[in-house]
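Report on the following structure.
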Amino acid sequence: MNKKVAVVGASGYSGAELASLIAKHPNFSLSGCYVSEQSLDKNKSLSLLYPEHGVLLDTPLLPLTEQAFADIAEQADFVCLCTDHQVSVELAPKFLAMGKKVFDLSGGFRLASSADYERYYGFSHPYPQWLEQAEYGLAEWNAQAISGAQLVAVAGCYPTAALNALKPLKQANLLADRQIIINAVSGVTGAGRKASLNTHFCEVSLAPYGLFNHRHTPEISQHLGHDVLFTPHLGNFSRGILETIYIELKPQVTSSQISEAYQVLADEPLIRLKGAQLPSIKSVAGQPFVDIGWQQQGQQLIVVVAIDNLLKGAAGQALQCMNLACSLSSELGLKGVW
């Protein structure tokens with residue numbers, strides 16, 4: 001098997017990370033790496049922008065012209081969109097009409113309704129029919145649906161951490177009917193590569209943003225089936241996410257029940273259950289894993305979860321989804337790469 005993959009938006013952090021994973025994968029290869037026609041990076045070598053991928057990604061960043069669309073139609077099996085959500089919303093239907101499987105790393109198809117997009121994304125979704133058909137790309141929890149989907153909405157970075165930490169407890173019916181508080185911090189690569197004063201090295205401190213209205217709040221709530229209060233923070237480091245999650249349990253829930261609930265993830269190759277040993281960003285930066293630790297005091301449970309935002313939070317998760325679409329082991333091309 002050799003599936004050809006086109007990466008659109010390959011000049012960004014997630015796009016470049018994904019291109020490198022595909023280039024090293026035993027069953028996938030790059031059909032082309034693309035950027036917008038207006039991009040200042042067009043026709044540059046991807047390895048010029050990311051010297052760490054020298055030789056591996058000595059491939060040009062092609063502008064997404066009509067000829068590029070024709071080439072993708074002829075050559076690619078899969079299309080990965082590492083683009084802004086509004087760009088993905090317009091591009092995905094074009095590639096779907098070609099019969100391609102599309103893996104969208106943006107938030108363009110993650111939520112259930114157009115009303116959610118108006119409230120949290122600030123635009124009316126023009127393709128509600130694809131919202132209904134898109135499958136959520138949370139690899140450990142939705143593998144069967146992902147394997148047969150034409151459009152996969154790859155899970156967001158913060159939700160990937162939160163949902164893997166919380167879904168075992170929800171599934172085991174251990175959560176009290178109270179709002180869950182998620183306090184999260186991400187490295188600056190989560191904000192993208194485009195220059196901004198807010199992500200300028202000298203300006204970045206540790207600061208919250210998106211209070212009460214961050215677009216990952218409805219994504220977590222929708223796919224967990226539980227109310228959450230999510231507050232993200234921008235940290236002064238390059239990559240990684242750490243979330244501290246505050247949970248009220250039902251009365252009389254024991255530590256053994258919590259440990260047993262997490263056993264649903266025990267055989268997942270990219271999940272590392274730490275128990276009382278709490279994760280850190282250092283343990284996951286540059287790695288494809290989800291590290292989950294927890295400690296309990298009575299009805300209060302604190303769960304700490306860490307991921308690399310560019311790998312498990314984006315490119316690595318997209319690769320897992322593509323593996324599932326090909327009936328391959330979801331971790332193929334991820335474990336042991338580093």
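Index from 1, following the sequence. What you see below is based on every heavy atom in this structure, not just the backbone, and it leaves out hydrogens, waters and symmetry mates.
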field: S256 side chain to T254 side chain, donor-acceptor N/O pair below 3.5 angstrom
entry: no
D116 backbone acceptor or donor facing S113 side chain under 3.5 Å: yes
- line: One should read off an interatomic distance between L229 CG and Q179 CD, to the nearest 0.5 angstrom, of 4.5 Å
Single hit among Y136, F78, F28 for ring pair (Phe, Tyr, Trp, His ring centres under 6.0 Å) with F103: F78
query: Can we say R272 and D291 salt-bridge, meaning some charged N sits less than 4.0 Å from an Asp/Glu carboxylate O?
result: yes
message: Test of understanding: with side-chain contact (heavy atoms from CB on, under 4.5 Å), list the residues that count as partners of V87, not counting sequence neighbours.
response: T83, D84, L91
message: Run N323 and S330 through side-chain hydrogen bond (donor to acceptor under 3.5 Å, both in side chains) and show every step you take.
response: CA-CA 5 Å; N323 282 334; S330 71; over 6 Å; no
Show me the donor-acceptor pairs, under 3.5 Å and distance only, between side chains in residues 154-166 and residues at least two apart or in other chains.
unit_1: Y158; atom_1: OH; unit_2: Y209; atom_2: OH; d: 3.1
unit_1: Y158; atom_1: OH; unit_2: H233; atom_2: O; d: 3.4
unit_1: T160; atom_1: OG1; unit_2: G156; atom_2: O; d: 2.7
unit_1: T160; atom_1: OG1; unit_2: Q317; atom_2: NE2; d: 2.8
unit_1: N164; atom_1: OD1; unit_2: W141; atom_2: NE1; d: 3.0
unit_1: N164; atom_1: ND2; unit_2: T160; atom_2: O; d: 2.9

- prompt: Has the side chain of K170 got a donor or acceptor atom that lies under 3.5 Å from a matching backbone atom of H226?
  reply: no
field: Residues N183, T231; criterion side-chain hydrogen bond (donor to acceptor under 3.5 Å, both in side chains); working and verdict
entry: CA-CA 5 Å; N183 190 45; T231 305; 5.4 Å; no
Under 3.5 Å side-chain donor-acceptor pair for D227 and S221: no
Donor-acceptor under 3.5 Å (K100 side chain, F95 main chain): no
- prompt: Should we say atom CG of L40 is surrounded by more than 12 heavy atoms from elsewhere, each under 6.0 Å from it?
  reply: no
message: Check for me whether R215 meets the cation-pi criterion with Y121, that is, NZ or CZ under 6.0 Å from the six-membered ring centre and within 45 degrees of the ring axis.
response: yes
query: Mind checking what makes side-chain contact (heavy atoms from CB on, under 4.5 Å) contact with S36, not counting sequence neighbours?
result: Q38, S39
- prompt: For N43, does the CG atom sit with more than 12 other heavy atoms under 6.0 Å from it, leaving out its own atoms?
  reply: yes
- prompt: So, F109 versus H125, ring centres under 6.0 angstrom or not?
  reply: yes
side-chain contact (heavy atoms from CB on, under 4.5 Å) partners for L278, two or more places apart: Q295, V304
query: Do L174 and I181 sit in the same hydrophobic cluster, where Ile, Leu, Val, Met, Phe, Trp and Tyr count as joined when their side-chain heavy atoms come under 4.5 Å apart?
result: no
- line: Residue set satisfying side chain to side chain donor-acceptor pair (under 3.5 Å) with H53, at least two apart, ordered chain then number -> none
field: E140/K312 salt bridge by N-O under 4.0 Å criterion
entry: yes
query: Would you say E219's side chain and L111's backbone share a donor-acceptor pair under 3.5 angstrom?
result: no
Results of side-chain contact (heavy atoms from CB on, under 4.5 Å) for E135 - residues two or more places apart only: N142, A145, A149
